[in-house]
Amino acid sequence: MGRGTRDEAAEGSRRMSQRRIETNQDLAELLSDVAVAYKIRGRNRFEAQAYESAAAGVEHATRNARELWQQGTLTEIPGIGKGIAGYLEELFRSGHVRHFEEVFAGIPEAVFDLVKIPGVGPATAQKLAGAGVEDLRDLEMKITSGGLAGKGFSAKALEKLGSGLGELQRRSGRLLLPAAERLAAELLVHLRGSGLVVAAEAAGSLRRRVATIGDLDLAAASERPADLIAHFATAPGVARLIESGPSAASVTLHSGVRVDLLTAPPHNYGALLHHFTGSKQHNIHLRAIARQRGLSISELGVLRLADGVVLPAATEDEVYDLLEMQTPPPELREDSGEIEAALAHTLPQLIEAAAIRGDCHTHTRWSDGANSMAEMVAACGALGRSYMVITDHSYPNLDFAARSRELDALRASNRGIRLIDGLEVNITSEGGLQVPDAILSRHEYCIGSIHSSFRQPREEMTARLLSALANPNINGIAHPTGRLINQREGIDADWGAVMAACLRHDKFLEIDGWPDRLDLPDGLVREAVRRGVKLVIDSDAHATDQLPALRYGVEVARRGWAGAANVLNTLPYEQFVQEAHVRLRD
DNA sequence: GCCGTTTTCGGCCCGACTGTTTTCAGTCG
């Protein structure tokens, strides 16, 4: 290793200057990389943990970190104190951080990719880079060609590297909620079919209802864990047993999805479920509070340190009761204020799916839907909705009058569900609307949405949204960020300005429940709730069988701390008409 | 490096599993 420090410093500097820090996600990745570098340098592990905690805080922050810095409120993000805030100040002012460059210096670039491989941490990554591995492709090549022979990796270690690499490549896109739910449901049926299970459910990010799921986590209560684990390994779809012990096992499915099963005796199931639901940051914070009270929480139960007695926790409520706090709903467990609220007994009453009375974004065959208007209305009524807005796309060549006549006829013949004649209208790249105001004003309700030019700079994009919000025919903005999960990033806009405009014009932002969208994302929902911006939760259904997807939107709302009062379509029809400014024709 | 019902110092979540230098470091959730 004959590299001089000047080269190394240049390398660290390149690493900083080549990355663009625009989103909180970018910043979180930078902070995570610093944590990796700290571990390699063998610094106090708590410093590395602090950077991980800061990364998680930034990732879950409801507002853009750069904006918070401009307002001098960066340290309001949990995990960011004076030290890191100082470095970020330097980052936002100059585009680089001297200290980070020094920390990165001399650590091969490959390390930060290699740590993404399951089973590879900072130490192994550094060892691999030291053995000449240049990147992920190079590692794959060297494994197959035997290029790592004699470099201190056993045959087993190489095999583990190979399968980890395969796993990483297979799961480039994370699972959407419906796919994760289906897989979990099949596996739970298999587990329950063994007769060895007292209780079993999905934990982890699926239980917290995160928009995308990496691994599936299953928790089970059983008196015979060893037999249950053997049974688990025979589940349909299992390709490989990764590891297994007396109380836990991990498998890979043929689809490449990793599934972890943890078991506990029924009297400790609450502690297990709590542990496995996470999030990691929630658990760390909660366990620190437990220590202050002479308790030690783990998946094995709650240990009273004074006398070594394990207190029973068959349910999660019992775990939280021991800390004299409310049980935060799983959707809130991101260590973003829910622990403080639960301790103060001031957790919000989150919206429930049953509170939704109307679906206000639906499509029919008049635009790109798969079903007729009558079919959509009947299916929506069958779900128990009391009103419905039909919002076909405003295709300029659409026979708007004929469509409205059909809707009026259905209105007359359907007493069970009230219908509203709406349109979804594209916001053009210049901030205009796809069809003239004369057409929009003949409809009772219009939602504006962005379906083109997704990559405009922030200023133009924000102006585009503000212009639409200023149009009196627009009631609110549908799927505001335009993101398609695993496919397309959301637009870049000044959401503070957009939300301020919503308040000024008394207009709403939609939470689109379609699992590929989940838009607004939960972080922005929380910001909207904080500011008092009205929300509407919709299915955006293009077929009758898509109408139930609205519930995924409710879950996003819950993750954003929304109660029923924040959501307009929990209101009875007459009040919804008033609050959403529906322009009834008669 | 963060943070405060032990509040500006002195702690920092906890256990399971793997591979192996067979007593522990590394990794994970």
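- Rounded to whole angstrom, the span from the NZ atom of A:K82 across to the P atom of B:dC2 amounts to 10 Å.
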Throw together a table of side-chain donor-acceptor distances under 3.5 angstrom for residues 146-158 of chain A, partners on residues two or more places apart or in other chains.
from	atom 1	to	atom 2	distance (Å)
A:K151	NZ	A:A131	O	3.4
A:S154	OG	A:A157	N	3.0

Inset, instruction - Take A:E76 and A:R530, measure what salt bridge (Lys or Arg N to Asp or Glu O under 4.0 Å) needs, and give me the verdict at the end. - result: CA-CA 15 Å; A:E76 282 178 11; A:R530 198 183 68 82; over 6 Å; no

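- Across the C1' atoms, B:dC12 and B:dC17 are found 24 Å apart, a figure rounded to whole Å.
- Look at B:dT8: it lacks any Watson-Crick or wobble partner with both distances under 3.5 angstrom.
- Among B:dT27, B:dG29, B:dG1, the nucleotide with an atom closest to any side-chain atom of A:Y38 is B:dG1.
- Between A:M325 and A:I339 the shortest side-chain heavy-atom distance falls below 4.5 Å.
- For the pair A:I242 CD1 and B:dG19 C1', the interatomic distance rounds to 16 Å; values are reported in whole Å.
- Spacing of C1' atoms, B:dT20 relative to B:dG26, comes out at 12 Å, to the nearest Å.
- Within the structure, a side-chain polar atom (N or O) of A:Y87 is placed less than 4.0 Å from OP1 or OP2 of B:dG1.
- Salt bridge A:E159/A:R240: absent, no basic N to carboxylate O contact under 4.0 Å.
- Using a 4.0 Å cut-off between a side-chain N of Lys or Arg and a carboxylate O of Asp or Glu, A:E527 and A:R63 qualify as a salt bridge.
- Considering only side-chain atoms of A:T124, the nucleotide from B:dC12, B:dT27, B:dC2 that sits closest is B:dT27.
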Review item, nucleotides 13-15 of chain B N/O atoms under 3.5 Å of protein N/O:
from	atom 1	to	atom 2	distance (Å)
B:dC13	OP1	A:Q49	OE1	3.4
B:dC13	O2	A:R287	NH1	2.4
B:dC14	OP1	A:R291	NH1	2.7
B:dC14	OP1	A:S296	OG	3.0
B:dC14	OP2	A:R291	NH1	3.0
B:dC14	O4'	A:R287	NH1	3.4

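- Of the residues in residues 247-254 of chain A, those lying under 4.0 Å from DNA chain B by heavy-atom distance are A:S247, A:A248.
- A salt bridge links A:E102 to A:R98: one of the charged nitrogens lies within less than 4.0 Å of a carboxylate oxygen.
- Salt bridge annotation for A:E52-A:K39: present, with a cationic side-chain nitrogen under 4.0 angstrom from a carboxylate oxygen.
- Separating the CG atom of A:L218 from the P atom of B:dG29 is a distance of 14 Å, rounded to the nearest angstrom.
- Contact check of residues 55-75 of chain A against DNA chain B (heavy atom, cut-off under 4.0 Å) returns no residues at all.
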So which protein nitrogen or oxygen atoms get under 3.5 Å of nucleotides 20-25 of chain B's nitrogens or oxygens?
from	atom 1	to	atom 2	distance (Å)
B:dT20	OP1	A:S154	OG	2.1

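- When the P atom is used for both B:dG1 and B:dA16, the distance is 32 Å, rounded to whole Å.
- Residue A:I297 holds its CD1 atom at 12.0 Å from NE2 of A:H275, rounded to the nearest 0.5 Å.
- Among the heavy atoms of the strands lying under 4.0 Å from A:I80 are primed sugar atoms or P, OP1, OP2 only; no base atom is included.
- Between A:P246 and A:L262, it is A:P246 whose nearest contact on DNA chain B lies nearer the 5' terminus.
- Within the model, atoms OG of A:S250 and CG of A:L218 stand 10.5 Å from one another, a figure rounded to the nearest 0.5 Å.
- Rounded to an integer number of Å, the gap from CD1 of A:I289 to P of B:dC2 is 19 Å.
- Under the 3.5 Å distance criterion, with hydrogens and angles disregarded, a donor-acceptor pair is assigned to the side chains of A:T315 and A:E318.
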Step by step, work out the side chain to side chain contact (heavy atoms under 4.5 Å, CB included) result for A:E299 and A:S247. CA-CA 11 Å; A:E299 62 267 46; A:S247 65; over 6 Å; no

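- The base of B:dG1 sits within donor-acceptor range of the side chain of A:N44, with an N or O pair under 3.5 Å.
- Residue A:R43 contributes atom CZ, which lies 14 Å from atom C1' of B:dC2 at whole-angstrom precision.
- Of the listed nucleotides (B:dC17, B:dG1, B:dT6), B:dT6 has the atom at the smallest distance from the side chain of A:Q292.
- Rounded to whole Å, the separation between the P atoms of B:dT6 and B:dC14 comes to 16 Å.
- Between A:E47 atom CD and B:dG11 atom P there is a gap of 16 Å when expressed in whole angstrom units.
- Taking atom CD on A:E52 and atom C1' on B:dC28, their separation rounds to 12 Å, with Å as the unit.
- The separation of B:dT18 from B:dG11, taken at their P atoms, amounts to 34 Å, rounded to a whole angstrom.
- Within residues 319-346 of chain A, no residue approaches DNA chain B, by heavy-atom distance under 4.0 Å.
- Between A:E181 and A:R551 there is a salt bridge, since at least one side-chain N of the basic residue sits less than 4.0 Å from a carboxylate O of the acidic one.
- The CD atom of A:E324 sits 9.5 Å away from atom CG of A:L343, with the distance rounded to the nearest 0.5 Å.
- The closest side-chain heavy-atom distance from A:P118 to A:L168 is below 4.5 Å.
- Within 6.0 Å of the CD atom in A:Q487, the count of heavy atoms belonging to other residues, nucleotides or ligands exceeds 12.
- Rounded to whole Å, the separation between the C1' atoms of B:dG29 and B:dC13 comes to 12 Å.
- Proximity of a side-chain donor or acceptor of A:R558 to a complementary backbone N or O of A:E331 within less than 3.5 Å is not detected.
- Salt bridge absent: A:R41 and A:E47 never bring a charged side-chain N and a carboxylate O closer than 4.0 Å.
- For the pair A:R43 and A:Y38, the cation sits on the ring face: its NZ or CZ lies under 6.0 Å from the ring centre, inside 45° of the axis.
- For the pair A:P122 and A:I229, nearest-nucleotide mapping onto DNA chain B gives the more 5' position to A:I229.
- Taking atom CG of residue A:L158 and atom C1' of nucleotide B:dT18, one finds them 15 Å apart after rounding to whole Å.
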